[in-house]
Amino acid sequence: MSRYDPASIEPKWQKAWDEALTFRATREGGKPKYYVLEMFPYPSGRIHIGHVRNYTMGDVIARYKKQNGFNVLHPMGFDAFGMPAENAAMASGGHPKDWTYGNIETMVGQMKPLGFGLDWSRMFATCDPEYYGQQQALFIDMLSEGLVYRKNAVVNWDPVDMTVLANEQVIDGCGWRSGAPVERKELTQWFFKISDMAGELLDAIEGLDDWPAKVKLMQANWIGRSRGLQFSWELTAPVHGVETVEVYTTRPDTLLGASFLGLSPDHPLVKSMEGDNPALAAAVAEMRKGGTTEEALEKAEKLGFDTGLTVRHPLDPSWEVPVWVANFILMDYGTGAIFGSPAHDQRDLDFCRKYGLPIKATFDVIEGEVYHGGAPDYRTDEQTATNPRGMVTAFIPPKSAKVKWLNHFAGLDEATGQEAVDITIDWMEARGLGKGVEKFRLRDWGLSRQRYWGCPIPVVHCDACGVVPEKKENLPIQLPYDEGDKPIDFSTPGNPLDRHPTWRDCACPSCGQPAKRETDTMDTFVDSSWYFARFTAPRADTPTDMADAEYWMNVDQYIGGIEHAILHLLYSRFFARAMIRTGHLPEKCAEPFNALFTQGMVTHAIFQTKNAEGRPVYHYPEDVDLRDGRGFLKDGTEVEIIPSAKMSKSKNNVVDPMNIIATYGADTARWFVLSDSPPERDVEWTAAGAEAASKHLARVHRIAAEIAGADVPETKEDAALLKETHKVMHDVTLGVESFGFNAAIAKLYAFTNTLSKSRAGTQTKRFAAKTLAQLMSPMTPHLAEEMWQLLGGEGLIAEAPWPKPDEAMLVEDTVTLPIQVNGKRRGEIDVPKGMPKEEVEKLVLAHDAVLKALDGGQPKKLIVVPGRIVNVVV
RNA sequence: GCCCGCGUGGUGGAAUGGUAGACACAGGAGACUUAAAAUCUCCAGGCCUUGUGCCGUGCCGGUUCGAGUCCGGCCGCGGGUACCA
């Protein structure tokens with residue numbers, strides 16, 4: 001009898017699928033289409049086990065849909081622009097292009113042996129000029145539609161290397177290479193007008209029925225619609241001709257608690273005063289230190305500077321409020337100016353306590369009310385002249401909670417925060433003191449990057465004509481490979497395009513005079529914001545082909561990591577709308593991903609010892625022997641095991657799937673990454689698990705081979721096995737449909753046990769084994785083909801129709817009802833399915849455990865949930 | 001800081017508000033074998049006074065006849081935080 005030998009069967013069936021063009025996506029046959037897409041990888045060098053998990057999930061869906069009669073589009077490509085390629089060139093020489101294409105070749109070579117049902121003929125990398133040239137065409141169309149514009153924005157500036165840094169290159173506020181404290185600097189940059197669509201992008205979230213609720217919530221919070229009051233504060237003395245300061249607030253109801261007016265360090269008024277106020281300029285320079293991330297800004301120590309200016313309180317012109325510059329106010333949100341209401345905002349409170357500004361409550365607890373989060377106990381600690389109540393924690397009840405208003409200008413007594421906000425806005429509007437406005441947290445998408453390895457922005461700067469888009473017939477604007485006659489130098493900080501001797505020089509597309517190319521390249525999020533559309537016609541000489549897009553779009557199932565919940569997915573949603581506006585996608589594509597699934601990470605234990613200095617030393621999994629849950633090195637030293645850590649090259653705990661494939665085969669790797677853990681959750685990779693998976697597949701193969709060679713007539717066990725076979729069809733189908741791959745696999749284990757122990761006749765067993773092969777085929781396709789052939793299946797199992805259970809076989813005639821007494825299980829009864837409630841009650845009341853619990857008395861209550869459970873309350 | 005998740009035996013995990021621990025790993029016992037490997041069978045949350053027992057799903061509280069599941073508050077871990085992809 002042949003043994004399970006993945007090394008020989010896997011290449012054999014991969015060749016068979018290739019030759020039959022099984023996974024070539026076509027529009028033929030009048031069949032319905034199904035587009036399944038996994039987020040394409042960054043070509044980092046080698047695939048890791050997380051990729052295997054991600055693509056296996058997609059492959060299960062793709063193969064399952066094919067077996068269900070769909071024309072399936074399941075493509076693969078590479079998100080190939082980005083910083084690591086330039087960093088590699090910086091660190092060890094070479095060219096980002098060579099590094100990237102070399103990595104792609106390696107990774108394709110690693111992915112093919114996994115037997116994914118991919119249409120490789122559609123593959124592309126975003127760094128292919130054929131791809132980014134079409135992206136440049138898209139950009140030009142978006143520019144003419146008014147979806148792109150330029151404005152100033154801040155970047156991380158390394159004052160030593162004189163270069164722009166990415167956020168991840170800023171470590172503890174300092175440049176990663178120079179170590180110099182980073183500053184925030186303004187540059188003129190290109191922006192996509194995503195904020196124009198903020199309301200639409202927010203409202204449309206509701207319709208994304210097959211997206212995870214958590215992703216929708218995160219996107220909604222990110223876009224962040226708020227209604228507030230915009231109004232102006234009059235300066236008591238104009239500065240440089242400025243008479244008022246515009247403020248936006250979402251809590252206008254706390255206006256009487258205002259103790260300062262705060263300006264962002266980047267506010268135009270602040271900038272205009274810097275020149276003639278050295279102390280202010282110094283303070284603002286201090287505030288501009290540090291990185292640009294929201295986290296860095298939020299966590300930075302609150303810094304303020306008293307400008308000496310004052311403004312009149314809008315409700316009481318005799319009340320003068322001081323104007324401060326405060327580093328926690330963002331120029332990007334609202335108007336870049338706020339009024340501080342310290343009693344009801346923690347940041348404002350911290351600020352006022354630090355600088356001795358007054359703290360005045362505008363509302364208080366209603367006597368006797370308990371607020372969720374507990375009663376406010378903020379009247380503790382230091383009492384000072386400015387903080388008479390000694391407030392340490394601001395009083396911020398939820399907007400839905402009713403509070404007691406103190407001397408409210410619109411006459412409120414007891415009202416919720418939300419009611420107060422609405423009434424205040426109306427009150428202010430009626431008196432012409434301000435205007436209720438809707439604002440979004442979402443900012444425009446800055447796409448300029450001062451880097452080489454990205455898609456060049458296809459515009460030209462002409463002295464006469466200004467900023468001019470390149471002509472489409474000149475596309476693609478290709479990245480130069482060399483710097484004139486010598487290789488590009490990546491070891492110097494800064495953008496090589498900027499210092500290239502000839503690449504910038506060009507003719508103005510408008511007047512023909514000598515002009516300069518834009519040297520900024522695009523954010524790599526642009527590349528990944530439309531690749532899904534390009535896959536529908538990857539070789540078209542326009543960004544998309546409308547007929548192909550019409551047929552294949554939308555993506556029916558998109559699969560990727562939760563880390564992309566906001567940016568990538570939001571940008572893609574924006575791009576789909578922009579592509580509709582520019583005529584590159586049909587109207588139906590506004591939401592390009594019908595269903596989204598976010599999978600978890602693959603983690604692995606870290607094996608660690610300490611060196612003489614007590615610093616950790618990390619050991620590769622293959623150097624560690626595991627015995628009884630303890631790990632030992634070859635020389636017998638015990639290692640510390642840190643479980644379930646994110647795979648990281650620096651911790652030596654990255655599992656290379658190629659070792660597993662070489663040892664156990666692709667099907668084992670695929671089976672294991674799908675088993676045990678729910679797909680949305682992180683999964684721990686253990687070598688023992690892989691071995692167990694391998695043993696199971698060998699067992700399945702053995703069972704199939706035995707059945708193939710047997711000839712036993714029908715027995716009395718046939719009916720039971722047949723019923724179990726139909727049940728497993730139902731269970732596995734449900735599991736695959738609902739991304740419950742681990743649950744489906746558990747059912748397949750159980751069914752394998754059933755089949756193995758069954759003494760049914762060969763005909764029924766053969767049917768059961770063929771069904772098992774079919775149900776396993778999306779997960780372990782090579783083994784399934786082999787079994788199918790052994791058992792006499794026709795053609796390729798990959799193309800055979802998915803088994804459908806006979807509904808009559810799924811019906812159970814009796815059901816076991818647990819009996820609870822006061823919610824605790826005390827016994828059970830078997831009753832025919834559908835037995836009337838009254839009869840169940842009679843049986844229950846006659847049950848020993850119930851009689852004992854009642855002790856001659858009557859039950860207080862008897863709950864019968866038909867087909868489920870019985871609960872007796874005594 | 002803010003937004004979003006997650007937390008169940010030694011381990012991975014199962015469980016439409018209805019029998020907590022399916023299925024598997026590691027472990028234990030046995031069968032087969034000269035032996036080993038492979039394979040097969042069985043056991044297995046904790047505790048004790050071994051019972052129709054008690055406890056048990058990160059912690060505290062609530063809703064419910066009934067909570068791993070719903071609600072509130074904590075703690076811990078993870079993701080995102082707009083130039084990592």
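So that the names make sense, note that chain A is the first sequence line, chain B the second, and so on, each numbered from 1.
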* To do: List the steps, then state whether side chain to side chain donor-acceptor pair (under 3.5 Å) holds for A:D158 with A:T163.
  => CA-CA 5 Å; A:D158 185 322; A:T163 183; over 6 Å; no

* Rounding to a whole Å, what distance do you find between A:I703:CD1 and B:C40:C1'? -> 11 Å

* Presence of donor-acceptor pair under 3.5 Å, side chain of A:R868 and base of B:U16 -> yes

* Asked: Which whole-number value in Å describes the distance from A:R759 CZ to B:C40 P?
  -> 15 Å

* Asked: Taking only side-chain nitrogens and oxygens of A:R681, does any of them come within less than 4.0 Å of OP1 or OP2 of B:G7?
  -> yes

* Which dot-bracket string fits RNA chain B when only Watson-Crick or G-U wobble pairs with both atom distances under 3.5 Å count, crossing pairs get [ ], and | stands for a partner on a different strand? -> (((((((..(((.....[....))).(((((.......))))).((((..).)))..(((((..]....))))))))))))....

* Name the nucleic acid region contacted by A:Q189, choosing base, sugar-phosphate or nothing; use a 4.0 angstrom heavy-atom cut-off, strictly under. => base

* Using 30° and 60° as the class limits, which term best fits the ring planes of A:H564 and A:H568: parallel, tilted or perpendicular? -> perpendicular

* Between A:N152 and A:T188, do the side chains contain an N or O donor and an N or O acceptor separated by less than 3.5 Å? -> yes

* To do: Report the residue from A:W453, A:W530, A:F81, A:Y531 that forms a ring-ring contact (aromatic ring centres under 6.0 Å, His included) with A:Y132.
  => A:F81

* Interatomic distance at P, B:C47 relative to B:A35, whole Å -> 36 Å

* **Lys/Arg-Asp/Glu bridge criterion (N-O < 4.0 Å) met for A:E294, A:R441** => yes

* Asked: Rounding to the closest angstrom, what is the interatomic distance between B:G5 and B:G21 at atom P?
  -> 29 Å

* Asked: Are A:N156 and A:T292 close enough that a side-chain donor and a side-chain acceptor fall under 3.5 Å?
  -> yes

* Integer angstrom distance from the P of B:A24 to that of B:C43 -> 13 Å

* For B:G27, does the O4'-C1'-N9-C4 (purine) or O4'-C1'-N1-C2 (pyrimidine) torsion place it in syn, i.e. within 90° of 0, or in anti? -> anti

* Would you indicate what A:G446 reaches in the nucleic acid, counting non-hydrogen atoms under 4.0 angstrom: base, sugar-phosphate, or nothing? => sugar-phosphate

* Under 4.0 angstrom, heavy atoms only, what part of the nucleic acid is A:H696 near: base, sugar-phosphate, or nothing? -> nothing

* For nucleotides B:U8 and B:C4, find the distance between their P atoms and express it as a whole number of Å. => 22 Å

* When we call it a touch if two heavy atoms are under 4.0 Å apart, what does A:K695 touch: a base, just sugar-phosphate, or nothing? -> sugar-phosphate

* Asked: With a 4.0 Å cut-off on heavy atoms, is A:W445 in touch with a base, just the backbone sugar-phosphate, or nothing at all?
  -> nothing

* If you look at every strand shown and take non-hydrogen atoms under 4.0 Å, does A:L817 touch a base, only sugar-phosphate, or nothing? -> nothing

* Asked: So A:R573 and A:Q219, side chain to side chain donor-acceptor pair (under 3.5 Å) or not? Walk me through it.
  -> CA-CA 11 Å; A:R573 296 178 61 218; A:Q219 291 225 349; 2.8 Å; yes

* To do: For A:T293, answer base if it contacts any base atom (sugar-phosphate contacts may also be present), sugar-phosphate if it contacts only those atoms, and nothing otherwise; contact means non-hydrogen atoms under 4.0 Å.
  => sugar-phosphate

* **Pairwise P distance, B:A26 and B:C65 [rounded to whole Å]** => 46 Å

* Write down the distance separating the P atoms in B:U16 and B:G7, rounded off to the nearest Å. => 14 Å

* A:T816, nearest nucleotide to its side chain (from B:C3, B:U19, B:U81) -> B:U19

* May I ask you to say what A:R699 touches in the nucleic acid, namely base, sugar-phosphate or nothing, with a heavy-atom cut-off under 4.0 Å? => sugar-phosphate

* Would you classify A:P41 as touching base, sugar-phosphate or nothing, given that sugar-phosphate means primed atoms plus P, OP1 and OP2, and contacts are heavy atoms under 4.0 Å? => nothing

* Give a yes or no answer on whether the side chain of A:D444 reaches the backbone of A:I194 with a donor-acceptor pair at less than 3.5 Å. => yes

* Output yes when at least one side-chain N/O atom of A:N753 is less than 4.0 Å from OP1 or OP2 of B:A24, else no. => yes

* Asked: Can you find a side-chain donor-acceptor pair between A:Q450 and A:Q189 that sits under 3.5 Å?
  -> yes

* **Side-chain-base donor-acceptor pair under 3.5 Å for A:D676 and B:G12** => yes

* Separation of the C1' atoms in B:G46 and B:A38, to the nearest angstrom -> 35 Å

* **Whole-Å gap separating P (B:C2) and CG (A:L217)** => 16 Å

Between the protein and nucleotides 60-65 of chain B, are there any N/O to N/O pairs under 3.5 Å, and if so, what are the atom names and distances?
from	atom 1	to	atom 2	distance (Å)
B:C65	O2'	A:N871	ND2	3.3
B:C65	O2	A:N871	ND2	2.5

* Could you check whether A:Q450 gets within reach of a base, just the sugar-phosphate, or nothing at all, counting any heavy atom under 4.0 Å? => base

* Kindly say if A:N167 contacts the phosphate of B:A82, meaning a side-chain N or O under 4.0 Å from OP1 or OP2. => yes

* Is there a donor N/O on one and an acceptor N/O on the other, under 3.5 Å, for the side chain of A:E680 and the base of B:G5? -> no

* To do: Determine the interatomic distance between C1' on B:G68 and the same-named atom on B:A20; round to the nearest Å.
  => 8 Å

* **Test item: A:N103 side-chain N/O and A:P43 main-chain N/O as donor-acceptor pair under 3.5 Å** => yes

* To do: Select base, sugar-phosphate, or nothing to describe what A:K216 touches, counting heavy atoms under 4.0 Å on all strands.
  => nothing

* To do: With heavy atoms under 4.0 Å as the rule, sort A:K214 into base, sugar-phosphate or nothing.
  => sugar-phosphate

* Give A:A692 one of three labels, base, sugar-phosphate or nothing, depending on what nucleic acid heavy atoms sit under 4.0 Å from its own. => sugar-phosphate

* Describe, in one word, how the ring planes of A:W99 and A:Y42 are oriented to each other, choosing from parallel (under 30°), tilted (30 to 60°) and perpendicular (over 60°). => tilted

* Asked: So what does A:K824 touch, heavy atoms closer than 4.0 Å: a base, only the sugar-phosphate, or nothing?
  -> sugar-phosphate

* Asked: If you check the A:E295 side chain, which of B:A82, B:U81, B:A22 turns out closest?
  -> B:U81

* To do: Would you check if the side chain of A:H51 reaches a backbone N or O of A:H48 as a donor-acceptor pair within less than 3.5 Å?
  => yes

* Give a yes/no answer on whether the side chain of A:S677 brings an N or O atom under 4.0 Å of OP1 or OP2 in B:G12. => no

